[in-house]
Amino acid sequence: GIDAPEKKQAFGDRSKQVLAACAFGQQATVKTHGHDRYQRVIGEVFVAGRSCNLAQVELGMAWWYRKYAAADRVIAAAEVDARRDRRGLWRDPAPVPPWDFRRARKR
């Protein structure tokens, strides 16, 4: 239900660092929700009962991916709060969602 900035995007490296701080070297559980069109696992990562996906959005390090999680009101509210408080990527005056960034790079 989230999409993080690409490595070459603003906040891409920072988002990766924040995710690593949440999960790297720790016992994690992944609640899977299937696969995307590239056969990558779609899922939510939990460490000590805490969702790293939700933490990414709360800290402004990822977008709520409405396409895959339209009904997820918790992540939706987390994005609203992060935007309002201008956390992370929301400090940028015109943040570009990663799905738009990828589409533009294909052209």
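As the structure is a prediction and not an experimental result, all values here were calculated from the model.
Rounding to the nearest 0.5 Å gives a distance of 12.0 Å between CG of Leu59 and CG of Asp81. Rounding to the nearest 0.5 angstrom, the gap separating the CD atom in Glu58 from the OG atom in Ser51 is 8.0 Å. With rounding to the nearest 0.5 Å, the separation of CZ in Arg91 from CZ in Arg86 is 9.0 Å. With rounding to the nearest 0.5 Å, the separation of CG in Leu89 from CZ in Arg83 is 8.5 Å. For the atom pair CD1 (Ile2) and SG (Cys52), the distance works out to 9.0 Å, reported to the nearest 0.5 Å. Here the CG-CE distance, from Leu19 to Met61, works out to 11.5 Å after rounding to the nearest 0.5 Å.
Ion pair Asp13/Lys16 not flagged as a salt bridge, since none of the NZ, NE, NH1 or NH2 atoms sits closer than 4.0 Å to an Asp/Glu carboxylate oxygen. In this structure, Glu79 pairs ionically with Arg66, as a charged nitrogen and a carboxylate oxygen lie closer than 4.0 Å.
Between Trp63 and Trp90, the angle of the ring planes goes over 60°, which puts this pair in the perpendicular group of the 30/60° scheme.
Neither Trp99 nor Trp64 shares a network with the other; the hydrophobic side chains, linked directly or stepwise wherever heavy atoms of I, L, V, M, F, W or Y lie under 4.5 Å apart, form separate groups for each.
Between Val41 and His35 the shortest side-chain heavy-atom distance falls below 4.5 Å.
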Expected list for residues 5-12: side-chain donor-acceptor pairs under 3.5 angstrom, two or more places apart:
residue: Glu6; atom: OE2; partner: Arg102; partner atom: NH1; Å: 2.6
residue: Gln9; atom: OE1; partner: Glu6; partner atom: N; Å: 2.9
residue: Gln9; atom: NE2; partner: Val96; partner atom: O; Å: 2.6

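Judged by distance alone, the side chain of Asp85 and the main-chain N or O of Arg87 form no donor-acceptor pair under 3.5 Å. Side-chain N or O atoms of Glu44 include none that pairs as donor or acceptor with a backbone N or O of Thr32 at under 3.5 Å. Although no hydrogens or angles enter the test, the distance criterion places a donor-acceptor pair under 3.5 Å between the side chain of Arg73 and the main chain of Ala70. Distance alone, capped at 3.5 Å, places no donor-acceptor pair between the Asn53 side chain and the Ala62 backbone. Although no hydrogens or angles enter the test, the distance criterion places no donor-acceptor pair under 3.5 Å between the side chain of Asp3 and the main chain of Tyr65.
When all heavy atoms of Val30 and Val45 are compared, the pair lying nearest together is CG2-CG2, 4.2 Å.
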